Amino acid sequence: MYHDRKMKKWRPFASMPEQYTGLQEVINKQAEIPQPLLTEEQMEQINFTLIEALHTNKQVYFTYYKYGQCITETGFIQFVDSLGDLFIFIDEVFELKNKMRLSELIDVHFM
């Protein structure tokens, strides 16, 4: 007797993408670091460098803390608001304006 029904293909690793996602989250959590604390002197140096970069239109490397990681980018500073904890930069790669909190900055230096 022949039955007209589709056979389902056996997929032993069908749940693997979810497992990989879960494992990646665990690995990322383990790789997280706490935000580095800056001294007053380091914060002043960052502020001076930002202001100088703004006025001279020099490109800078800046490192910031986000999602448990320290990330370094290059760009041009467009605006700095120390009281509002904000600065705006144009990134080198996509040439897009980006806003960022000054409190996320860890380091800024000229190229």
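As a basis for the values below, the full set of heavy atoms in this structure was taken, side chains included, without hydrogen atoms, waters or symmetry mates. Note that the coordinates shown come from a computational prediction; the quantities given were computed from them, not determined experimentally.
By the 4.5 Å heavy-atom criterion applied to side chains, Leu86 and Met100 are not counted as neighbours. Between Gln78 and Phe87, the closest side-chain pair of non-hydrogen atoms is not below 4.5 Å. Within the 4.5 Å cutoff, the side chain of Thr49 has no heavy atoms near those of the Asp107 side chain. Side-chain contact between Val80 and Ile88 is absent, with no heavy-atom pair separated by less than 4.5 Å. When side chains are defined from C-beta on, Pro36 counts as touching Tyr65, because their heavy atoms get closer than 4.5 Å. Contact of the Glu73 side chain with the Glu92 side chain is not registered, since no non-hydrogen atoms from C-beta on lie closer than 4.5 Å.
Here Leu105 contributes atom CG and Gln42 contributes atom CD; the two are 12.0 Å apart, rounded to the nearest 0.5 Å. Interatomic distance, Thr63 OG1 to Ile71 CD1, rounded to the nearest 0.5 Å: 9.5 Å. Atoms CG and CD, on Asn47 and Glu52 in that order, are 12.0 Å from each other to the nearest 0.5 Å. With rounding to the nearest 0.5 angstrom, the CZ atom of Phe62 is 9.0 Å from the OG1 atom of Thr72. In this structure, Ile90 CD1 and Gln59 CD are separated by 11.0 Å, a value rounded to the nearest 0.5 Å.
Side-chain atoms of Gln35 come within 3.5 Å of backbone atoms of Ser103 as a donor-acceptor pair (strictly under, hydrogens ignored). The closest donor-acceptor contact from the side chain of Asp81 to the backbone of Phe79 lies at 3.5 Å or more, if one exists at all. Without hydrogens or angle criteria, Asp85 side chain to Leu102 main chain gives a donor-acceptor distance under 3.5 Å.
More than 12 heavy atoms of other residues, nucleotides or ligands sit less than 6.0 Å from atom CG of Leu96. Counted within 6.0 Å of CZ on Phe48, heavy atoms from surrounding residues, nucleotides or ligands total 12 or fewer; the atom is thus considered open.
For Phe89 and Phe76, the ring centers are positioned 6.0 Å apart or more.
The hydrophobic clustering, which links ILVMFWY residues whose side-chain heavy atoms are closer than 4.5 Å, places Met111 and Val108 apart. A continuous path of ILVMFWY side-chain contacts below 4.5 Å connects Ile51 to Ile106, so both sit in one hydrophobic cluster.
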- Item | Intermediate values then yes/no, side chain to side chain contact (heavy atoms under 4.5 Å, CB included), Val60 and Ile77 | CA-CA 8 Å; Val60 292; Ile77 306 302; 4.0 Å; yes
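Defined by atom type and a distance below 3.5 Å, a donor-acceptor pair is missing between the side-chain atoms of Gln69 and Glu32.
By the 30° and 60° cut-offs, the orientation of the rings of His109 relative to Tyr61 is tilted.
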